[in-house]
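Reviewing the structure listed below.
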Amino acid sequence: MSSKDQKVLTSTFEKEVYEGLTAFPKYLSSKFFYDEIGDKLFQQIMALPEYYLTRAEYEIFETHALEIVNSFDTDKNGFDLIELGAGDGKKTKILLKELIGNKFDFVYKPIDISENAVEGLLNNLQSEMPKVEVQGQIGEYFEVLDKLKQMSDRKKIIMVLGSNIGNLLHPRAIQFLKQLCNAMHTEDLIFMGFDQKKHPQKVLDAYNDQTGITAAFNKNVLARINKELKGNFDVDKFLHWETYDPESGTAKSYLVSKEKQTVDIDNLSLQVHFEAWESIHTEISQKYDDDIVKWLAKESGLKITKSFSDNGQNYKNYLFAK
Ligand code: AVI
């Protein structure tokens, strides 16, 4: 690859795309999947028959709603239910309904970097569940968590659902958990979803569905580079490829160049050369078992106090204390 002339790269997207596509081997972060189109494709993924994760977590909430909200172990002063990366709140609504039905005193605080996501959720909850007090927060997780720590003395339950932590390699997951731990007072809790190790074929199918929606989701990062950075990727010249290592529990997504080709990205003044069958690594989706989660907790200064599983043992939600 060669850069035609030096250019100042300002946005995170520009900098990271440049870094990833000039590295060997090439990579792009999965956080860049999520523009307007990527958000929609992810909604479709969650409804796919192969993508068991969302249904498994939904089943856990439906089956154990009362036990889950009781395990939040809240006192008379009430608590803040903080959700990082709230999405459309479909699963959370089951817990909100249970909390309201049992007259818990709480404020629901969804946090997301997308203003659209938070506003959509606020409007939806206002009409569907008017009894829930909601205070949406827009911003980066840790900025907002720090603010919340300083602002309120109430107990905090911090939720991270959807096995979102699985998109981080273990060292970064530990960093993330440590930062959450730092934002917690002693009585606060984390309630987090972890997809479990299972039959390797089931994992591969979940990330390589028959209709090709996951492939389109993966390729969307190239479409985004075309749109936002004036690139000329021909997405049809790349193959969506999934691997799963049952030993480490790591599923990996790649985009593989079907032929030798050169791509221009004008806004980065960059030409990217691909050999035939060269790959771009785009995502990891880590799978866990109790021992891995225990190890992550220990490394982060946390301990597991409870866990909830679906019937098929596909997925678990763990409760962590400091
Ligand atoms: C958001 N994240 C937990 C999803 C996952 O399972 O890794 C994203 C995803 N990628 C492909 N399908 C779904």
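Just follow the structure's listing: the first ligand is 1, and inside any ligand the first atom is 1. Keep in mind that this is a model prediction, so the values were computed, not measured.
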For Lys306, I'd like to know if atom NZ has over 12 heavy atoms of other residues, nucleotides or ligands within 6.0 Å. no

With sequence neighbours left out, write down each residue that passes salt bridge (charged side-chain N to carboxylate O under 4.0 Å, His left out) with Glu143, or none if nothing qualifies. none

Does Glu59 have any side-chain contact (heavy atoms from CB on, under 4.5 Å) partners at least two apart in sequence or in another chain, and if so, which? Thr63, Asp310, Asn311

Close residues, ligand 1: non-hydrogen atom nearer than 4.0 Å: Tyr34, Phe42, Ile45, Tyr51, Gly162, Ser163, Asn164, Asn167, Tyr207, Thr214, Phe217, Glu283, Ser285

Hey, what's the ring geometry for Phe308 with His64, parallel, tilted or perpendicular (30° and 60° as the breaks)? tilted

Run through the side-chain heavy atoms of Ile, Leu, Val, Met, Phe, Trp and Tyr, join any pair under 4.5 Å, and report what else lands in Leu239's cluster. Trp241, Tyr254, Val256, Trp277

Identify the heavy atoms of Leu189 and Ala321 that sit nearest to each other, and give their distance. CD2-CB, 3.8 Å

